[in-house]
Amino acid sequence: MAKKKKPHIKRSLGSGVVPTKGKGRADSRPQPADKKFAGKQHPKHKQIKEQEKPPRPVPAWVKQLPDALIILAYIFVVTFTPQWKTLDVNTAKFMNMAFINLVAFFMILTRKDYRQGPAALTNFFTTHIGLVYTAFMLLSLLSFTKAINLYEAVHQFARLFTVFMAVLNLSAIIRRHMHFIKWIAVVMTLLLLFDALSVFYYVNQFIQGEIPSMLQVKSIYSNRNVFASAVFIKLVFALYLLLFEKRLFRILGGLVLVAGMLGVLFIGARAFLIGVIGISVVFVGYNLVRFLQQRQRKHLAMVTSSVGIVLLVFLVFTTVQQRRYPERSGRLRQSLIAQIATLRDFESISSRMRMFSYQWSLALIRENPVLGVGPGNWRVNIPKYENQLDDDFQILYHAHSDFLQFLVETGIPGGLAYMGIFFLTGWTFLKRYRKRSDEPDLILGALFLAAAGLAFYALDALFNFPADRPETLVLFVVFVSVGVAASPRKNPANVFPPKPFVARSLVFITVVLLSLSASVLHSSFRSAQIQSIVFAEIRAGTFQNPSWYFMEHFPRYPDISLWGESISCLKARYLLSERKYNEAIEVLRDDRRNPYDSRREHLMATAYMRMGDIHNAVAYAGEAYALKPNYRGNWHMYKTLLNQHSLTLINRQEYNKAHEALNASIAVDDNNPEAYRMRAFTNTHLGYYQPAIEDVNRYFETNAQDASLLNLRGACLMALDDMEAACRDFEASMKMGYASGTANYERFCGAGH
């Protein structure tokens, strides 16, 4: 047999040796590839080796970090934005939400994983919730046609669009990272714990007498009601951890749920007291139903735990309330049932005004059922009803019910579309619940969080206005985003990918709207900073800043202040304080921001009155009085100007015009002795003797007898052939030293008569 040849072995280039030129075996002695790099690795060999290494994978948490930061920005930046010297912190929070939208939208646009697949923005419009929300936005746009104040409509729509885009962005992020839902719940539960601990801190201060009342507690929020709302709505996150997570997360949810429910009870906001009782019933009932359906020990344990949690909460609250609360606690010392029963007390001013706002809102719906009155125009239209009742300039700016206000502003179709967001989220959860497995899945938990969260939010929206409070509104954004992300698609993902031109056009329009909304809300923020200065000086009754500062620095949007007064009126107040009457009139002349607000007419009358132009002053004072007749400033100014104008007309012997003006003055105020006095003289000159006598008698009802009026009444009685009574008046006038009375008595009632 022939001897087999050994195969030729080619050495690696990185071994430091080179093969021989022959066809046989390599030389056994190592040969340096290059004398210069003898005993070292050649740099070219090193480069080749490095290129052969596979790229190091990027950790998953690094890829997910931008998405997580966007979610945290929505939650923390909006919630913890400081006041920044504004009159209303909500303006700063809406502005920040708009800027976060811009960042989030550009991040989504620039990433391929968001442009395609289940996280694509277009998938928002393939869900029932997304479609009905889009319908609400379109109907809000249509309602612009009915808006009295377009600037206010633009301002409100900028807020609505900002919230809509926050939901669109956040739903795409959550859809891509469904496991984020658990961590959102954890973060929100920790925030709930922070809020609850804040409540306990204030409760201790109240018990120790360091604060006068729990009614003044607000923590980091705008006021006590917002604080109570934020605590109550966050309870759903702790409930989610308790029902759908395991081990430490379930323990965290249970503990914080107890703390949060106690916090709501201690704050004492009555609507949320009802909510805590409701959540207790639903919590126990949900676990009981699951146990009866599946008869498993773990569900029995949940029933026992839920009953224990509810009993513990009410036991701790009742013990602290009855044994530790001071006697001065008032309503907060009452039982829960007694506190809730006070909701039926319609004698309080706040309860009566809330009921009136509901009635007036229903009247506006009847007047504008289809398109409403336009975004933000509720407070522009409502004064036409409120003016007939109120006796001051403080007007309502919310209907105390978001559902009712959206019905007024966007019409019945728009209001129903807004309600549809809540209804469809709940319906989607119930459909999924019927198809559940023994172990709750991620989608069921997400839909529970969305549906229960919106149900909690709806309780607040039914009696308050969380749509104007970003720290509460951000919870709405989270719930709707989770609901959209977990909803089944009406069509498969990317079933209608738009053509490139259409897609670019839609992106361009969206970016423009986002930029405009951010600009409008930034303008609102700057205006709120200036308004804080004005409001403080109005309350103090002194104007320290020069008028030119406000003339130059007030931005274009909005044109109505946070308390409902037009910005033009604010400028005019400073001009009037500097006696720049003509400039004030020019600022006010074309101000039609709110045709039902009488402050424009009141200030115009003031300017003309101080200029000595009584004719124009009377005209504008009359318009102010017609708009708001119960305001003392209006009717007192109108009455005073009418009396002055009447005296001028009497001196001109224009008795008919004077008579009309005096009739108007007495109609404004029937306890108006000066007007009765002057009308007695005009009636006498016009030959109305009996009315003149009645005016004199009315004057004497509230004032001491006057010699000139006694003489006047005597002349009228004599003209009516009642000489005996006439002589008595002439005699009384004569005894008071009135010359005309003496002359008349001697002429008509002397010894020869």
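It should be emphasised that the depicted structure is a prediction, and the values quoted were computed from it without experimental measurement. One-based numbering along the sequence shown.
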Original post:
Less than 4.0 Å between a side-chain N and a carboxylate O, is that true for R600 and D591?
Top reply: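 The answer is no: the pair does not qualify as a salt bridge.
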**OP:** Mind checking side-chain contact (heavy atoms from CB on, under 4.5 Å) for A667 and listing every partner two or more places apart, or none if nothing turns up?
**Re:**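 Once residues adjacent in sequence are excluded, A667 has no partner under the side-chain contact (heavy atoms from CB on, under 4.5 Å) criterion.
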**OP:** List the steps and the verdict of side-chain hydrogen bond (donor to acceptor under 3.5 Å, both in side chains) for N643 and S665.
**Re:** CA-CA 7 Å; N643 289 349; S665 179; 2.8 Å; yes
Is any side-chain heavy atom of [Y] closer than 4.5 Å to one of [X]?
| X | Y | result |
| --- | --- | --- |
| V380 | V373 | no |
| P466 | D402 | yes |
| R159 | T91 | yes |
| Y689 | N683 | no |
| V163 | F94 | yes |
| V618 | L642 | yes |
| K384 | L364 | yes |
| V217 | F206 | no |

Original post:
Closest approach of T81 and A92, non-hydrogen atoms and distance?
Top reply: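 Here T81 and A92 meet closest at CG2-CB, 3.8 Å.
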Original post:
Minimum heavy-atom separation for I530 to H553, with atom names?
Top reply: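 Scanning both residues completely, I find the closest heavy atoms to be CD1-O, 3.1 Å.
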Between [X] (side chain) and [Y] (backbone), is there a donor-acceptor pair under 3.5 Å?
| X | Y | value |
| --- | --- | --- |
| T606 | H602 | yes |
| S532 | Q529 | yes |
| T640 | H636 | yes |
| S219 | Y221 | no |
| T410 | G372 | no |
| S519 | S515 | no |
| T145 | L142 | yes |
| N377 | N149 | yes |
| N90 | D468 | yes |

Any chance you could measure [X], atom [atom1], to [Y], atom [atom2], to the nearest 0.5 Å?
| X | Y | atom1 | atom2 | value |
| --- | --- | --- | --- | --- |
| E409 | S140 | CD | OG | 8.5 Å |
| K580 | K571 | NZ | NZ | 13.5 Å |
| T682 | Q653 | OG1 | CD | 13.0 Å |
| H522 | M95 | NE2 | CE | 5.5 Å |
| I538 | R573 | CD1 | CZ | 5.0 Å |
| D559 | R593 | CG | CZ | 5.0 Å |

Subject >> Over 12 non-hydrogen atoms of neighbours within 6.0 angstrom of CZ in R579 >> reply: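 No.
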Original post:
N464 and N225: side-chain hydrogen bond (donor to acceptor under 3.5 Å, both in side chains), yes or no, with the steps?
Top reply: CA-CA 9 Å; N464 293 301; N225 285 332; 4.8 Å; no
Flag for [Y]-[X]: side-chain donor and acceptor within less than 3.5 Å:
| X | Y | answer |
| --- | --- | --- |
| N634 | S598 | yes |
| E565 | S561 | no |
| Y676 | R698 | yes |
| N711 | S740 | no |

Mind checking whether [X] and [Y] have parallel, tilted or perpendicular rings, split at 30° and 60°?
| X | Y | value |
| --- | --- | --- |
| F543 | Y574 | perpendicular |
| Y418 | F136 | tilted |
| F161 | F157 | parallel |

Subject >> Residue pairs involving residues 640-663 (criterion ring-ring contact (aromatic ring centres under 6.0 Å, His included); sequence neighbours excluded) >> reply: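 Applying ring-ring contact (aromatic ring centres under 6.0 Å, His included) to every pair that reaches into residues 640-663, excluding sequence neighbours, yields Y655-H685, H659-Y688.
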**OP:** Check step by step if side-chain contact (heavy atoms from CB on, under 4.5 Å) holds for Y620 and D613.
**Re:** CA-CA 11 Å; Y620 281 105; D613 188 344; over 6 Å; no
Original post:
Checking side-chain contact (heavy atoms from CB on, under 4.5 Å) for the pair W563/Q531: CA distance, chi angles, key distance, verdict?
Top reply: CA-CA 10 Å; W563 60 91; Q531 288 178 46; 4.0 Å; yes
Subject >> Audit row: R713, N697, side-chain hydrogen bond (donor to acceptor under 3.5 Å, both in side chains) steps and yes/no >> reply: CA-CA 9 Å; R713 186 171 67 179; N697 293 338; 2.6 Å; yes
Original post:
Would F700 and L709 satisfy side-chain contact (heavy atoms from CB on, under 4.5 Å), going step by step from the backbone distance to the final call?
Top reply: CA-CA 9 Å; F700 287 155; L709 286 180; 3.9 Å; yes
Subject >> Ring centers of H400, F465 separated by less than 6.0 Å >> reply: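 Yes.
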Original post:
Hey, mind stepping through L575 and I585 against side-chain contact (heavy atoms from CB on, under 4.5 Å) and telling me if it holds?
Top reply: CA-CA 9 Å; L575 291 169; I585 290 170; over 6 Å; no
Original post:
Which is it for Y151 and R556 under the side-chain hydrogen bond (donor to acceptor under 3.5 Å, both in side chains) test, yes or no, and what are the steps along the way?
Top reply: CA-CA 9 Å; Y151 282 8; R556 188 173 184 182; 2.8 Å; yes
**OP:** Report yes or no: is the cationic atom of R677 (NZ for Lys, CZ for Arg) closer than 6.0 Å to the six-membered ring centre of F681, at no more than 45° off its axis?
**Re:**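 Not flagged: R677 not positioned over aromatic ring of F681.
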